[in-house]
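Below is one structure; the comments refer to it alone.
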Amino acid sequence: MKPSRPQTAATRPAAWFPRPWQNRGMTQQHLLALVVAVAALALLGVTVWAWRGRSAAARFWMPETLVGSWQLERCVLLGAPTFALMMLDAAVMASIRTPEVTAVGGVIFLLLCLPSLYFILAFLPVPLALYPRWAKEIKEWRRQANAELDAWLAERRSQR
């Protein structure tokens, strides 16, 4: 039997370097990051489903009434996707603990604070560009219906 040569870094196969799950198993921190990432992806999926509005159930946030629900609109268009991306960013930073990932993740997190701040400030209107086409049609219908209602009320008041 031939004696085996010791492996050096040049002769060692690339897959030899241990991965985090190979040398110490999945830690509690990795498991928590995985749970947060799955929750973030689920929230992002529900948001995309609601934004596309292919079914009546998916259009729950944009009812065809004169008033609507501005809180739900803000949540679907700004709050939920921003929060999901922040959760995903935090999960990546928690699972990969290197200075580079922490720096890039911190910058991304700070950039995501801007839409979340816009979401919180309810007096700022949601830009029409964020609405899907079907929701823009409902908003236009609401605007026209409210204008007709205002005209009717003005006419009634002038008759008094």
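Quick note: residue numbers are just sequence positions, from 1.
In this structure, Val104 and Ile108 have side chains that are in contact, with non-hydrogen atoms separated by less than 4.5 Å.
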Kindly list each side-chain donor-acceptor pair under 3.5 angstrom involving residues 145-160, sequence neighbours excluded, with atom names and distances?
{"residue": "Asn146", "atom": "ND2", "partner": "Arg142", "partner atom": "O", "Å": "3.2"}
{"residue": "Ser158", "atom": "OG", "partner": "Ala154", "partner atom": "O", "Å": "3.4"}
{"residue": "Ser158", "atom": "OG", "partner": "Glu155", "partner atom": "O", "Å": "2.8"}

Pair up each side-chain donor or acceptor in residues 74-84 with any protein partner under 3.5 Å, not counting sequence neighbours, and list the distances.
{"residue": "Arg74", "atom": "NE", "partner": "Phe119", "partner atom": "O", "Å": "3.2"}
{"residue": "Arg74", "atom": "NH1", "partner": "Leu124", "partner atom": "O", "Å": "2.6"}
{"residue": "Arg74", "atom": "NH2", "partner": "Tyr118", "partner atom": "O", "Å": "2.5"}
{"residue": "Arg74", "atom": "NH2", "partner": "Leu121", "partner atom": "O", "Å": "2.9"}
{"residue": "Arg74", "atom": "NH2", "partner": "Leu124", "partner atom": "O", "Å": "3.4"}
{"residue": "Thr82", "atom": "OG1", "partner": "Leu78", "partner atom": "O", "Å": "2.7"}

What donor-acceptor contacts under 3.5 angstrom involve side-chain atoms of residues 41-57, with partners at least two apart or in another chain?
{"residue": "Thr47", "atom": "OG1", "partner": "Leu43", "partner atom": "O", "Å": "2.8"}
{"residue": "Trp51", "atom": "NE1", "partner": "Leu130", "partner atom": "O", "Å": "2.9"}
{"residue": "Ser55", "atom": "OG", "partner": "Ala58", "partner atom": "N", "Å": "3.2"}

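With sequence neighbours excluded, the residues that form a side chain to side chain contact (heavy atoms under 4.5 Å, CB included) with Ile96 are Val92, Thr98, Val101. For the side chain to side chain contact (heavy atoms under 4.5 Å, CB included) test, no residue two or more places apart in sequence or in another chain qualifies with Thr102. Qualifying side chain to side chain contact (heavy atoms under 4.5 Å, CB included) partners for Leu32, counting only residues two or more places apart in sequence or in other chains: Val36. With sequence neighbours excluded, no residue satisfies salt bridge (Lys or Arg N to Asp or Glu O under 4.0 Å) with Arg97. When the salt bridge (Lys or Arg N to Asp or Glu O under 4.0 Å) test is applied to Arg143, the partners found at least two apart in sequence or on another chain are Glu140. Partners of Lys139 according to the side chain to side chain contact (heavy atoms under 4.5 Å, CB included) rule, which considers only residues two or more places apart in sequence or in another chain, are Met62, Glu73, Leu128, Tyr131.
Val35 forms part of no hydrophobic cluster, judged by ILVMFWY side-chain heavy-atom separations under 4.5 Å.
Residue Glu64 qualifies as open at atom CD: its count of foreign heavy atoms under 6.0 Å is 12 or below.
By the rule that hydrophobic residues join a cluster once side-chain heavy atoms approach within less than 4.5 Å of another member, Leu85 and Leu34 end up as members of separate clusters. Connection of Trp70 to Phe123 is not established within any shared hydrophobic cluster, with ILVMFWY side chains joined at heavy-atom distances below 4.5 Å, either directly or through further cluster members.
Scanning all heavy atoms of the two residues, the minimum distance from Trp141 to Thr65 falls at CZ3-O, 3.7 Å. Across all non-hydrogen atoms, the minimal contact from Ala33 to Ser95 is CB-CB, 3.9 Å.
With rounding to the nearest 0.5 Å, the separation of CZ in Phe109 from CE in Met86 is 3.5 Å.
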